[in-house]
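Take a look at the structure below.
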Amino acid sequence: MVTPCLAHRAGPAFASVLLALQVVPFDVHHLTLVERTEHGFVEESWSWMQRRWRPERTVVSIDGGCDVLDRVTVDPRFAVSFLVRPLVAAIFRARHRALRARFGTAA
């Protein structure tokens with residue numbers, strides 16, 4: 001089941017400042033939650049550095065826990081794509097590490 005979110009109709013839900021070294025602001029994402037599904041969500045945002053940032057997150061039940069799957073579409077403003085792919089991959093590896101640290105891993 002897919003549910004359109006009210007935030008999508010109203011525009012961005014919030015702006016998120018990204019910090020380098022947890023101190024220096026280097027980008028601002030304007031995030032809109034596009035839809036909720038039975039097992040996840042889709043967001044759409046834009047920023048100083050990205051024309052489009054669209055993560056689609058799905059959480060799937062497995063024995064002893066769940067799997068978090070992310071699919072991301074990125075349309076950078078300035079950087080060439082061969083530079084963006086490793087950066088986005090690193091961001092999501094860090095996010096998944098943080099999720100594992102907080103919630104553990106399946107046995």
Side-chain angles (χ1 to χ4, degrees):
M1 177 174 95
V2 175
T3 306
C5 293
L6 293 176
H8 178 62
R9 291 186 201 104
F14 62 88
S16 175
V17 177
L18 302 178
L19 304 173
L21 304 173
Q22 299 180 345
V23 179
V24 180
F26 71 93
D27 200 8
V28 178
H29 275 248
H30 300 269
L31 184 135
T32 300
L33 190 59
V34 176
E35 66 187 39
R36 292 178 301 148
T37 64
E38 185 175 348
H39 299 287
F41 63 86
V42 177
E43 76 178 58
E44 181 95 30
S45 62
W46 61 273
S47 72
W48 297 338
M49 297 175 70
Q50 311 296 337
R51 278 186 197 90
R52 182 176 192 215
W53 176 267
R54 183 185 173 94
E56 300 175 31
R57 175 163 286 175
T58 305
V59 180
V60 179
S61 293
I62 61 171
D63 288 341
C66 65
D67 250 346
V68 177
L69 309 169
D70 284 303
R71 185 171 76 186
V72 183
T73 303
V74 179
D75 181 13
R77 289 187 194 274
F78 310 110
V80 288
S81 59
F82 76 90
L83 297 173
V84 173
R85 181 179 286 259
L87 178 63
V88 171
I91 289 168
F92 278 85
R93 275 194 306 275
R95 287 183 181 182
H96 285 241
R97 269 194 310 274
L99 287 170
R100 283 191 300 275
R102 178 169 174 99
F103 298 108
T105 60

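Owing to the predicted nature of the structure, the values given are computational and were not obtained by experimental measurement.
Residues Pro55 and Phe92 are in side-chain contact: their nearest non-hydrogen atoms beyond the backbone lie under 4.5 Å apart. You'll find the side chain of Asp70 reaches within 4.5 Å of the side chain of His96, heavy atoms only. Thr37 places none of its side-chain heavy atoms less than 4.5 Å from the side chain of Thr58. In this structure the side chain of Val28 reaches within 4.5 angstrom of the side chain of His30, judged on heavy atoms. The shortest distance between side-chain heavy atoms of Val68 and Arg57 falls below 4.5 Å. Side-chain atoms of Ile91 and Arg95, non-hydrogen and from C-beta on, do get closer than 4.5 Å to each other.
Ring-plane geometry between His29 and Trp53 is classed as perpendicular, the angle between the planes exceeding 60 degrees on a 0 to 90 degree scale with a lower cut at 30.
Leu31 and Ser45 make their closest contact through CA-CB, 3.6 Å (heavy atoms, listed as atom of the first residue, atom of the second, distance).
With rounding to the nearest 0.5 angstrom, the OG1 atom of Thr73 is 8.0 Å from the CD atom of Glu44.
Here Asp75 does not pair with Arg52 in a salt bridge; the nearest charged N to carboxylate O distance is not below 4.0 Å.
Shown here is Arg77, whose CZ atom has more than 12 heavy atoms of other residues, nucleotides or ligands within 6.0 Å.
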Problem set entry | CA sep, side-chain torsions, deciding dist, call: Arg54, Val42, side-chain contact (heavy atoms from CB on, under 4.5 Å) | CA-CA 7 Å; Arg54 183 185 173 94; Val42 177; 3.3 Å; yes

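In this structure, Val72 is a member of the same hydrophobic cluster as Leu87, with clusters built from ILVMFWY side-chain heavy atoms closer than 4.5 Å.
Distance alone, capped at 3.5 Å, is enough to place a donor-acceptor pair between the Asp27 side chain and the Trp48 backbone.
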